[in-house]
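As the structure is a prediction and not an experimental result, all values here were calculated from the model. Proteins get letters first, then strands, A, B, ... in listed order; numbering begins at 1 in each.
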Amino acid sequence: MSDFTHEVPGGAAWSFPIRAGRLVTLTALGDDACVSTLLFGPDRLDRLNVPDTLKAQMSACIKAPMVLMSDRGVALASVVSSSLDWHDCLTGFGSDAHLARFGPSSYAVDRNDWKRSARTGLVSELTKHGLGEADLHGSVNFFSKVGITDDPHGTLGLLTGVSHEGDTVTLRTEVDVLLVLATAPHPLSTTPYAPAGVRIDVAIAEPVTSDDPSWQFRDESARALEQARRLAA
Amino acid sequence: MTTTLQATVLDTVVQAGDGALIRVPAGGRLRIVDTHGNQAVDTLLYDADDIDNRYSAFDTIREQGAVYLTTGSRLLSTRLDELAVISDDTCGRHDTIGGACAQESNVIRYGEHVRHQHACRQTFLAYGAAAGIGQRQLGHNINFFMNVPVDSLGNLNFEDGVSAPGKYVEIVASRDILVLISNCPQLNNPCNGWDPTAVQLLGWWES
């Protein structure tokens, strides 16, 4: 049974503190969704560190059952399941410059359809928690895939048609976290403005057992989870 | 038209495991020389007038459409301002997704026995303090001379460096910037050839 459900429409942003031991399922409400996501630990100073997350788990993308690690080596959350095997975390979130191709937009003219970038939405949410621009960090762009080319430059580009309405990813919070997300278009998107929304279902997680896939994934994943266990103990 | 010759205003050695905070004015050139080869030089850039306008690895990667940095790479801030451009590079490519070592991330990667070893993050914080750069201002950095290949299957690896003694990288500041360097003390992976060594910093600008 879900503790609560919340829908974030496309082109919006949201933040919420979520306690340790919850399952947070994101469900894409349309094709080619992009949920640019930041995570903070219990003290709001420790935060998601994408480079550490990648190098410790030898991956250039986020997928189950990786753990999302903080600056201080704490597993903030584990990716317990996902209908996709690649979530982008190398290209950051979009700025207003990436919306310029859609022409000017303002609340005065467009009311609730005004177009705001992920960055604007994320900063707006951060300010509610006493945080701000200084706290922006590398995001995970759930439901987006950025393909990498095996060439000397590591050329990359957004792949479309990879994610669809109904795709899901489920995170298990390992400590109390602040979840901050935006549903603006991916910064490399070239399609018309139609960002998908996301449904968020929060439920109580089952106790972790010794055969948990994230604990079993790599020694590094288990060590980060052990740091989280100590923090939440 | 008059030409102003720029004298060498900076010529210093940063020892293994040490750091530096250098203000480079707009147009100034900063060269980092890998004196022994196989060294990783963890580097952060800041707008000298506003440290919240800092280097952004992932904005830089996305806007150049490539993972690795080399000559011509524009080093962008979180506001998409150009902080500097790599103007010369005898190494070939540099990493910006591998991040910096921390005492805590060392524990995650290598085990509890390395917890009290020296790490880049502490060097960043020690040298950044003079400019008000603290934990909140530490973004994801550049690793000059480091080789972190990624592939189309989504794998990431650490490999032996592609650098060699005397190879260098040079940046030109696009505005007044602060360059925060940690000359990585890492002993546990091949980024330093298991032997951290000194680097030389050379700077040319009107003092």
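Interface residue Leu80(B): only side-chain heavy atoms are found under 4.5 Å from chain A. Neither the backbone nor the side chain of Asp96(A) has a heavy atom closer than 4.5 Å to any heavy atom of chain B. Heavy-atom distances place the backbone of Leu153(B), and not its side chain, under 4.5 Å from chain A. Looking at Asp85(A), neither its backbone nor its side chain comes within 4.5 Å of chain B, counting heavy atoms on both sides. For Gln57(A), no part lies near chain B; criterion is any non-hydrogen pair under 4.5 Å. The contact between Ala97(A) and chain B is made entirely by side chain atoms (from C-beta outward), counting heavy-atom distances below 4.5 Å. In this structure, chain B has heavy atoms under 4.5 Å from both the backbone and the side chain of Thr155(A).
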Can you check side-chain contact (heavy atoms from CB on, under 4.5 Å) on Arg121(B) and Asp71(A), steps first, answer last? CA-CA 9 Å; Arg121(B) 201 171 177 89; Asp71(A) 291 334; 3.1 Å; yes
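Shortest non-hydrogen contact noted between Asp59(B) and Phe93(A) is OD1-O, 4.0 Å. Residues Asp150(A) and Val150(B) come closest through the heavy atom pair OD1-O, 4.4 Å.
The interface of residues 14-26 of chain B with chain A, defined by heavy-atom distances below 4.5 Å, is empty. Using a 4.5 Å cut-off between non-hydrogen atoms, the part of residues 93-101 of chain B that approaches chain A consists of Arg93(B), Ile97(B), Gly98(B), Gly99(B), Ala100(B), Cys101(B).
For the pair His153(A)/Gln64(B), no side-chain contact is recorded, criterion being any heavy-atom separation below 4.5 Å from C-beta on. No side-chain heavy atom of Arg62(B) sits less than 4.5 Å from a side-chain heavy atom of Val146(A). The side-chain heavy atoms of Glu63(B) and His98(A), taken from C-beta on, include a pair separated by under 4.5 Å. Side-chain contact between Leu156(B) and Lys55(A) is present, with heavy atoms from C-beta onward closer than 4.5 Å. Proximity of Glu104(B) to Asp52(A): side-chain heavy atoms (C-beta onward) are nowhere separated by under 4.5 Å.
In this structure, the side chain of His140(B) engages the main chain of Gly138(A) through a donor-acceptor pair within 3.5 Å. Arg54(B) places a side-chain N or O within 3.5 Å of a backbone atom of Ala134(A) that can act as its donor or acceptor partner. Between the side chain of Arg119(A) and the backbone N or O of Thr78(B) there is at least one donor-acceptor pair closer than 3.5 Å. Between the side chain of Arg47(A) and the backbone N or O of Arg136(B) there is at least one donor-acceptor pair closer than 3.5 Å.
Most heavy-atom pairs under 4.5 Å with chain B, from the set Gln227(A), Met69(A), Arg218(A): that is Gln227(A). Most heavy-atom pairs under 4.5 Å with chain B, from the set Cys89(A), Ala75(A), Cys61(A), Ser70(A): that is Cys89(A). The candidate with the highest count of non-hydrogen atom pairs below 4.5 Å against chain A, out of Thr70(B), Val107(B), Val148(B), is Val107(B). When each of Pro187(A), Ala56(A), Ala222(A) is checked for heavy-atom pairs under 4.5 Å with chain B, Pro187(A) comes out on top.
We find the CD1-CD distance between Ile108(B) and Glu226(A) to be 9.5 Å, quoted to the nearest 0.5 Å. Between the CG atom in Leu136(A) and the CZ atom in Phe58(B) there is a gap of 13.0 Å [rounded to 0.5 Å]. Distance check: Asp219(A) CG to Tyr110(B) OH gives 13.5 Å after rounding to the nearest 0.5 Å. The structure places CG of Asp151(B) at 7.5 Å from CD1 of Ile148(A), a figure rounded to the nearest 0.5 Å.
Annotation: ring pair (Phe, Tyr, Trp, His ring centres under 6.0 Å) contacts of Trp14(A) (sequence neighbours excluded): His6(A), Phe16(A). Residues satisfying the side-chain hydrogen bond (donor to acceptor under 3.5 Å, both in side chains) criterion with Asn157(B), sequence neighbours excluded, are absent altogether.
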